[in-house]
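Structure record follows, encoded as structure tokens.
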Number of protein chains: 2
Amino acid sequence: MSQPDTKQRILDAAERLFAKEGFHCSSLRGITREAEANIAAVHYHFGSKEALIEAVFERRLQQLNPLRIRQMENVREVARQGGRRPKVEEILRAFVEPTFRFRDSEPGTRHFVTLVGRVLAEPDDRIRGIFVRRMMPIFLFTLELLEEALPELPRPTLFWRLHFTIGAVSHILQMDAKFQNFVQFPEGIQVPNNLDSLLAFLLTFLTAGLEAQNA
Amino acid sequence: MSQPDTKQRILDAAERLFAKEGFHCSSLRGITREAEANIAAVHYHFGSKEALIEAVFERRLQQLNPLRIRQMENVREVARQGGRRPKVEEILRAFVEPTFRFRDSEPGTRHFVTLVGRVLAEPDDRIRGIFVRRMMPIFLFTLELLEEALPELPRPTLFWRLHFTIGAVSHILQMDAKFQNFVQFPEGIQVPNNLDSLLAFLLTFLTAGLEAQNA
DNA sequence: ACCCCATTAAAACAAACGTTTGAATTTCTT
DNA sequence: AAGAAATTCAAACGTTTGTTTTAATGGGGT
């Protein structure tokens, strides 16, 4: 190969632009220009624009989702061996923390996380479906664990609360890079320079919401 | 005018298609075809595609936002006259309930609410800005009331929790019409046919999250 | 009847889109 | 070194996009 892996460079550029401008507003010409590749290379290596974003998701999720599942299985195992229920905060942490850590693990993963935050609001069913299909096992596993943690709450209640959780998380993930121009910050509010404090805020909020007892 | 108000028909069609397919994927040709109007009518009546979506937001928000503000002012006033703090649930209800009720008030408003749910995840800063600019007073007013309700919590904490709230709300609003194909429902989970029960679920979740005391 | 002005209509604009083609080039295999 | 396979390249494909232009239409006031 002439240059170090055109395929990877296209994936990197696509990941960045899909996150920045959305799927339909990112052009293959813009992506290949950034990747310093020919426009035909996309169809040669991937087949179509849709197959390209599928490959973008595949590359990262096959790394990230096992991390999540392992952490969630660990939560369940430790609880069982301790003869207690899993804690809601442990479950939520297993659900979102890997994503936050993943974000700063390599250059590029930061853009992927932004893309994940956006894709649930993607109007195109086909594109959103590519992501949702791959996340469904995680959602169902999380729901399962929450039922173990909160057996006194009805299943539909937990289902909807998990959806509220997903909404809050994806909204925060997507804001990420563009905190500055997303909202005008009231005086005295600072953007946390590391995401750890934001993660702590988030887990406190979500845990309380999920554990709410009335209604 | 030959037909009853081309301008309104264009607004209706644009509202519906922007909600369904997003801003950039909706073409002016599709919109004018649905509105049974000529393409040039958009530029004649509005000036540009961007000015069109601005008009779509303007038409509904000038009706909806005063409702919200009035209800929030009422929450503050009743609390003051009762010599107590406003309750978090009252504040949140004033923030989201008008939108839920607005949804079923007229034909078309349902599409608008879906559009609102989508637009916060819109990648295009200009388009998202059109909406955010108009909502900023509401956000700040809500934050103000939350400070009155929870004076023991630091301002940044409340700020982030309000953002988590906005994420959860917009995620639910956007799911709305497409519950069926958005996620695959686990067995036994039903879509609520009226939004009242969903609103109750939502308020319980958010209230608990906002009132969480640790961290 | 006339003119005026708001509105509609059809057609064309240049630009950008995803995709395809076929030949040139590089890389690997023998 | 020679042939085969993989990859890159420039160019063009036919559509579609938002926007503009120019002409036609239609009703209300004088």
Side-chain angles (χ1 to χ4, degrees), chain A residues 1-57 59 115 119 122-130, chain B residues 1-59 115 118-119 122-130:
Chain A
M1 308 174 187
S2 63
Q3 304 231 37
D5 222 344
T6 303
K7 204 170 170 180
Q8 294 298 321
R9 290 204 321 279
I10 291 178
L11 281 174
D12 290 338
E15 182 173 67
R16 211 186 70 81
L17 281 180
F18 285 155
K20 186 183 172 198
E21 307 176 347
F23 176 73
H24 285 100
C25 289
S26 309
S27 71
L28 293 183
R29 285 174 174 80
I31 290 170
T32 49
R33 192 184 322 124
E34 178 147 325
E36 298 185 79
N38 189 277
I39 212 192
V42 171
H43 296 86
Y44 177 76
H45 286 288
F46 301 96
S48 70
K49 189 184 180 184
E50 192 170 320
L52 172 58
I53 196 178
E54 188 152 8
V56 167
F57 280 123
R59 176 174 66 155
L115 174 59
V119 74
E122 167 64 48
D124 188 328
D125 292 344
R126 302 172 53 84
I127 304 305
R128 198 181 57 248
I130 290 172
Chain B
M1 308 171 185
S2 64
Q3 306 231 36
D5 222 346
T6 304
K7 202 170 171 181
Q8 295 298 319
R9 290 204 320 280
I10 291 178
L11 280 175
D12 289 338
E15 182 173 66
R16 212 185 70 80
L17 281 179
F18 286 156
K20 186 181 171 199
E21 307 176 346
F23 177 74
H24 284 100
C25 289
S26 310
S27 70
L28 292 183
R29 283 172 176 81
I31 290 170
T32 50
R33 192 184 321 125
E34 178 148 325
E36 299 184 79
N38 190 278
I39 303 211
V42 170
H43 295 86
Y44 176 76
H45 286 288
F46 301 96
S48 71
K49 189 183 181 185
E50 193 170 320
L52 172 58
I53 197 178
E54 188 151 8
V56 167
F57 280 123
E58 184 59 36
R59 175 173 68 154
L115 175 59
R118 278 207 195 295
V119 72
E122 166 64 48
D124 189 327
D125 293 344
R126 302 173 53 84
I127 304 304
R128 198 181 58 249
I130 290 173

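We name chains A, B, ... by the order of the sequence lines, and we start the count at 1 in each one.
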Practice task
Provide, to the nearest angstrom, the distance between the NE2 atom belonging to H43(A) and the C1' atom belonging to dT8(D).
Solution key: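 Those two atoms, NE2 and C1', are 15 Å apart.
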
If we ignore hydrogens and angles and just use 3.5 Å, is the side chain of [X] paired with the main-chain N or O of [Y] as donor and acceptor?
{"X": "R29(A)", "Y": "I39(A)", "value": "no"}
{"X": "R128(B)", "Y": "E122(B)", "value": "yes"}
{"X": "K20(A)", "Y": "S26(A)", "value": "no"}

Measure from the side-chain heavy atoms of [X] and tell me the nearest of [options].
{"X": "R29(A)", "options": "dA10(D), dC17(C), dA10(C)", "answer": "dC17(C)"}
{"X": "Y44(A)", "options": "dC9(D), dT8(D), dG18(D)", "answer": "dT8(D)"}
{"X": "K49(B)", "options": "dA10(D), dT19(D), dT19(C)", "answer": "dT19(D)"}
{"X": "L28(B)", "options": "dG18(D), dA9(C), dT19(C)", "answer": "dG18(D)"}

Does [N] have OP1 or OP2 under 4.0 Å away from a side-chain N or O of [X]?
{"X": "S27(A)", "N": "dA16(C)", "value": "no"}
{"X": "T6(B)", "N": "dT8(C)", "value": "yes"}
{"X": "H45(A)", "N": "dA6(D)", "value": "no"}
{"X": "H24(B)", "N": "dT17(D)", "value": "no"}

Handout entry: SB check R9(B) E36(B) (cutoff 4.0 Å)
Key =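 Answer for the salt bridge query: no.
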
Exercise for the section: Report which part of the nucleic acid A41(B) touches: base, sugar-phosphate, or nothing (heavy-atom distance under 4.0 Å, all strands). Expected result: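 No contact.
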
